[in-house]
There are 2 protein chains.
Amino acid sequence: MGLTKTEIFTEEQNLLASLFKAMAHPARIAILQRIILSNTCICGDLVGELGLAQATISQHLKELKSAGLIQGTIEGVSVCYCINPEVWKLLENRLGEFLGSYKSTTECC
Amino acid sequence: MGLTKTEIFTEEQNLLASLFKAMAHPARIAILQRIILSNTCICGDLVGELGLAQATISQHLKELKSAGLIQGTIEGVSVCYCINPEVWKLLENRLGEFLGSYKSTTECC
DNA sequence: GCTATTAATCGTAAAATTGCAATAATACTA
DNA sequence: TAGTATTATTGCAATTTTACGATTAATAGC
């Protein structure tokens, strides 16, 4: 079929999956790292640094934005993107909770 | 084109992206949660619990396995899957490092 | 108003993902 | 050895993702 059955999963599972999905591409990881590093990133910079076309980067930025991970405001002729603090904190919390729920102490297979 | 240009990104970026990708589906999140909870999970159980066909679940398990997140050993007639402690620890470290690299203190857009 | 610069959007193509029925493979059991 | 139970694999269709060229929208500077 090719479409995910979101309705059979919990809200928590869908949320985590969608956040992971937004970061499940090296270009988007690179963009996030770049934004974090400079703390004020303009799209045009990325086009020169990553080896991807302007349209492609704009698309990745859109995905990060729609996932809520970043936010952008118009700054003169260009756009300034930065991390969305609330969503980033939510991500840290949910992820820490999820990863931390596994205790490696008990012996298994 | 439709294929990711992995060669233009760093090893770190590709690793993080592939780990995120492995978890970027609610069914795989659900499977991981289920494995963590029972600490000894058999595929057949999941088929009853999640509303997905046996073939589909087997495929998701394969993806989690190839990403290194889980490992399975044959246990009589069925297979016992559990978390791979080393990879899980690696995931926690790299992810913590990545998420922690952002400090929300500085004002931005 | 006109032009240059920047970013978003559209259209398209190739490839990957998701899901399932059907089938194959594997290992117990009688 | 035949039969049963469990998991993996195969083949297929629908959808999504990735990427880019071309075009469009918006804004600053002249």
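Here is the naming used below: chain letters follow the sequence lines, and residue numbers restart at 1 for every chain.
Checking A:C43 against B:G51, the closest nucleotide of DNA chain C that is more toward the 5' end is the one next to A:C43. Place B:G44 and A:L52 on DNA chain D by their nearest nucleotides, and B:G44 ends up nearer the 5' end.
For A:Q59 and A:T56, the side-chain atoms include no donor-acceptor pair closer than 3.5 Å. In summary, the side chains of A:E63 and A:S66 do not present any donor paired with an acceptor at a separation below 3.5 Å, with no hydrogens or angles considered.
When rounded to the nearest whole Å, the span between CG of A:D45 and P of C:dT5 equals 16 Å. The distance between atom CD1 of A:I57 and atom P of D:dA19, rounded to the nearest whole Å, is 10 Å. Atom NZ in B:K62 sits about 12 Å away from atom P in C:dT17, given to the nearest Å. Across the protein-nucleic acid pair, A:Q54 atom CD and C:dA7 atom C1' stand 6 Å apart, rounded to whole Å. D:dT7 atom P lies 13 Å from atom CG of B:L50, rounded to whole Å. Remark: P of C:dT17 and CZ of A:F20 are 17 Å apart, rounded to the nearest angstrom. One interatomic measurement links the two molecules: NZ of B:K65 to C1' of D:dA8, which rounds to 10 Å at whole-angstrom precision. Rounded to a whole Å, the CD1 atom of B:I8 is 13 Å from the C1' atom of D:dC20.
Nucleic acid contact class of A:V79 (heavy atoms, under 4.0 Å, all strands): sugar-phosphate only. Among the heavy atoms of the strands lying under 4.0 Å from B:A55 is at least one base atom, whether or not backbone atoms are also near. Among the heavy atoms of the strands lying under 4.0 Å from B:K21 are primed sugar atoms or P, OP1, OP2 only; no base atom is included. Note on A:S78: only backbone sugar-phosphate atoms sit closer than 4.0 angstrom, heavy atoms only; bases stay farther off. Using a 4.0 Å heavy-atom distance criterion, B:L61 is classed as making no nucleic acid contact. Contact annotation for A:I42: backbone-only contact, meaning every heavy-atom pair under 4.0 Å involves sugar-phosphate atoms and none involves a base.
Around atom CD1 of B:I8, more than 12 heavy atoms belonging to other residues, nucleotides or ligands sit under 6.0 Å away.
Close to D:dT18, at under 4.0 Å from its OP1 or OP2, lies no side-chain N or O of A:T56. Taking only side-chain nitrogens and oxygens, A:H25 comes nearer than 4.0 Å to OP1 or OP2 of D:dA19. The phosphate of D:dA19 has OP1 or OP2 within less than 4.0 Å of a side-chain N or O from A:H60. Contact annotation: B:Y81 reaches the phosphate of D:dA8 (side-chain N/O to OP1 or OP2, under 4.0 Å).
Donor-acceptor pairing under 3.5 Å, judged by distance alone, is present between the side chain of A:Q59 and the base of D:dC20.
When each of C:dT5, D:dC20, C:dC20 is scored by its nearest atom to the side-chain atoms of A:V77, the top-ranked nucleotide is C:dT5. In the set D:dT18, D:dT9, D:dA19, the nucleotide with an atom closest to the side chain of A:R28 is D:dT18.
Residues A:I31 and A:L46 have side chains in contact (heavy-atom distance under 4.5 Å, counting atoms from C-beta outward).
For the atom pair OH (A:Y81) and NZ (A:K65), the distance works out to 4.5 Å, reported to the nearest 0.5 Å.
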When you look at A:L64 and A:L32, which way does the side-chain contact (heavy atoms from CB on, under 4.5 Å) test go after all the steps?
CA-CA 9 Å; A:L64 288 170; A:L32 288 172; 4.1 Å; yes

